[in-house]
Amino acid sequence: MIIILKKDAPKDEVERLWHDIEAQNIKINEVVGSHTTILGLIGDTHKVDTEAIEAREIVESVQRVQEPYKEVNRKFHPEDTVVSVGNAKIGDGNVAVIAGPCSIETEEQIIDTCMQVKAAGANLLRGGAFKPRTSPYSFQGLGDEGLKLFLKAKKATGLPIVTELMSLAHIDLFNDVDIIQVGARNMQNFEMLKELGKCSKPILLKRGLANTIEELLMSAEYIIAGGNTNIILCERGIRTFETQTRNTLDLSAIPVIKSLSHLPVVVDPSHATGKYELVEPLSMAAVAAGADGLIIEVHNNPQNALCDGAQSLTPKRFEKCMEKCAQIGNVLGKKVGTL
């Protein structure tokens with residue numbers, strides 16, 4: 001339920017309303033805008049007398065929210081959420097670019113790649129230390145040693161880092177990680193989401209490969225219900241009957257999510273397509289569709305990559321991709337990466 005208050009409502013009347021609502025064991029989320037104040041009611045609101053609330057002088061209107069997600073709902077929070085990490089902003093006209101290799105392999109590989117993507121305009125770094133792989137025989141990442149190498153790349157470049165948490169058993173290793181990624185396979189790991197709701201780090205939540213947009217928003221609701229509002233949603237492609245690409249990139253999810261939620265949306269064209277030659281055009285399309293960021297796999301030697309080399313751009317291709325995305329951004333009045 002949403003209560004929209006009249007402009008310049010007396011403070012004592014608002015406090016009286018607040019007290020009466022909380023007496024019914026209902027949580028209130030207040031959003032103060034430039035022209036309107038909204039009280040979002042979270043809990044069992046079925047017994048709330050909407051007519052009695054609307055009869056109060058300070059109340060403009062009362063609306064019942066049908067969607068099961070509340071705090072991530074744009075109705076509760078009309079203004080866009082902007083997530084700031086270091087000097088990078090995700091949202092508010094900024095298209096953040098997160099780039100780096102699928103997996104961290106060696107110190108030379110991760111530092112060299114990260115230095116090159118920074119030079120091309122990326123303002124955050126990605127790299128996997130713990131890798132979820134379909135086959136138990138595939139490279140699983142270097143684990144905590146990989147994180148140590150990634151922190152060296154962070155120090156060398158001065159850029160924030162994004163990496164995936166696969167198990168809560170590893171969370172103590174992530175103290176110096178700037179953004180914790182929840183992968184597609186863990187999107188509905190609700191115990192993990194609850195724990196991440198207790199931390200203050202930004203969370204990059206990827207859509208599951210067979211999950212709906214509503215299910216993605218419900219997973220984000222788990223995190224925000226725990227108190228962590230720094231959530232970035234990621235569209236990374238979903239599984240369909242099409243076989244020409246690794247997954248099907250749902251570009252329509254960008255405007256749909258932004259109409260339903262205030263959270264920023266980034267797009268992963270690398271995992272969506274599985275083919276490096278498709279990354280550039282779909283990155284451009286994502287920027288045009290309103291994405292708040294891109295997460296792109298870049299490897300300094302894709303032919304010999306231990307993981308996902310076929311979908312990784314070379315640093316030169318990434319530079320070209322950045323230039324074209326920046327051109328799209330200029331048309332829309334948006335800044336892409338640091339360009």
Side-chain angles (χ1 to χ4, degrees), residues 1-7 9 18 21 26-45 48 50 53-54 59-85 89-96 179 182 187-188 193 196-197 202-208 211-236 238 250-267 286-294 332-334:
M1 180 182 290
I2 293 173
I3 301 173
I4 301 175
L5 301 181
K6 291 180 180 178
K7 188 177 181 181
W18 195 292
I21 293 171
I26 293 173
K27 178 183 174 184
I28 301 174
N29 179 40
E30 182 182 37
V31 179
V32 180
S34 55
H35 303 290
T36 307
T37 297
I38 296 174
L39 302 182
L41 277 55
I42 301 171
D44 185 2
T45 61
V48 175
T50 57
I53 293 177
E54 280 187 308
V59 175
E60 182 74 37
S61 64
V62 179
Q63 302 174 17
R64 286 198 177 273
V65 177
Q66 301 301 317
E67 296 88 356
Y69 47 90
K70 307 300 181 185
E71 295 202 58
V72 305
N73 199 316
R74 186 172 286 280
K75 293 176 183 176
F76 274 59
H77 194 296
E79 302 294 324
D80 287 341
T81 289
V82 180
V83 177
S84 298
V85 188
K89 284 187 176 182
I90 304 170
D92 192 28
N94 299 281
V95 181
I179 299 178
V182 176
M187 192 204 83
Q188 290 186 310
L193 300 179
L196 294 177
I203 308 299
L204 177 69
L205 179 64
K206 285 196 165 188
R207 180 181 178 185
N211 288 107
T212 65
I213 290 172
E214 182 170 294
E215 288 169 339
L216 172 63
L217 294 175
M218 288 302 297
S219 290
E221 188 81 6
Y222 264 90
I223 300 172
I224 205 169
N228 188 352
T229 60
N230 289 313
I231 304 168
I232 306 153
L233 303 176
C234 180
E235 168 57 42
R236 47 80 69 201
I238 53 176
D250 184 7
L251 287 174
S252 67
I254 303 168
V256 170
I257 291 172
K258 292 179 80 67
S259 71
L260 298 174
S261 177
H262 54 88
L263 298 176
V265 183
V266 305
V267 172
V287 173
D292 299 299
L294 300 168
L332 301 174
K334 293 186 175 184

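A quick note: this is a predicted structure, and the numbers were derived from the prediction, not measured.
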How long is the gap from NZ on K206 to CG on N211, to the nearest 0.5 Å?
-> 14.0 Å
So how far is it from I231 CD1 to I223 CD1, rounded to the nearest 0.5 Å?
-> 4.5 Å
With side chains defined as the heavy atoms from C-beta onward, is the minimum distance between V256 and I213 less than 4.5 Å?
-> yes
Distance, nearest 0.5 Å, that separates OG of S219 from CG of L193 = 5.5 Å
Is there a side-chain contact between M1 and V62 (heavy atoms, below 4.5 Å)?
-> yes
Between N29 and F76, what is the shortest heavy-atom contact and its length?
-> ND2-O, 4.4 Å
Close side-chain approach of I3 to I38, heavy-atom, < 4.5 Å | no
How about I257 and L233: do any of their side-chain heavy atoms sit closer than 4.5 Å?
-> yes
Are I179 and I203 close enough that some pair of their side-chain heavy atoms sits under 4.5 Å apart?
-> no
Within residues 34-43 or reaching into it, pairs that qualify as salt bridge (Lys or Arg N to Asp or Glu O under 4.0 Å) - sequence neighbours excluded | none
So with a 6.0 Å cut-off around CD of E54, is the heavy-atom count from everything else above 12?
-> yes
Could you please spell out the steps behind the side-chain contact (heavy atoms from CB on, under 4.5 Å) verdict for V65 and N73?
-> CA-CA 9 Å; V65 177; N73 199 316; 3.6 Å; yes
For V267 and I254, run side-chain contact (heavy atoms from CB on, under 4.5 Å): C-alpha distance rounded to whole Å, both residues' side-chain angles, the deciding distance at 0.1 Å, then the answer.
-> CA-CA 8 Å; V267 172; I254 303 168; 3.5 Å; yes
Which heavy-atom pair separates K89 from N94 by the least distance, and what is that distance?
-> O-CB, 3.3 Å
Distance, nearest 0.5 Å, that separates CG of D80 from CD1 of I90 = 13.0 Å
Closest approach of D292 to G91 (non-hydrogen atoms, all atoms of both residues) = OD1-CA, 3.7 Å
K75 bridged to E67 by N-O distance under 4.0 Å = yes
Kindly indicate whether the side chain of V31, heavy atoms from C-beta on, has any atom under 4.5 Å from the side chain of T37.
-> no
Return the minimal non-hydrogen interatomic distance between A220 and L263, and the atom names on each side.
-> CB-CD1, 4.0 Å
Correct closest heavy-atom pair for L294 and A286 would be CD2-CB, 3.8 Å
Side chain proximity check, T36 to L5, heavy atoms < 4.5 angstrom = no
Among residues two or more places apart or on two chains, list those pairs meeting salt bridge (Lys or Arg N to Asp or Glu O under 4.0 Å) that have a residue in residues 215-236.
-> R207-E235
Beyond-backbone contact of L196 with Y222, side-chain heavy atoms, under 4.5 angstrom | no
From Y69 atom OH to I42 atom CD1, the distance as rounded to the nearest 0.5 Å = 14.0 Å
So how far is it from L204 CG to N230 CG, rounded to the nearest 0.5 Å?
-> 12.5 Å
Crowded around K70 NZ? As in, over 12 foreign heavy atoms under 6.0 Å?
-> yes
Tell me, with the steps shown, if L41 and I21 meet side-chain contact (heavy atoms from CB on, under 4.5 Å).
-> CA-CA 8 Å; L41 277 55; I21 293 171; 3.9 Å; yes
Non-hydrogen atoms of G208 and I238 that approach each other most closely | O-CG2, 4.0 Å
side-chain contact (heavy atoms from CB on, under 4.5 Å) evaluation trace for Q63 with I4 = CA-CA 8 Å; Q63 302 174 17; I4 301 175; 3.6 Å; yes
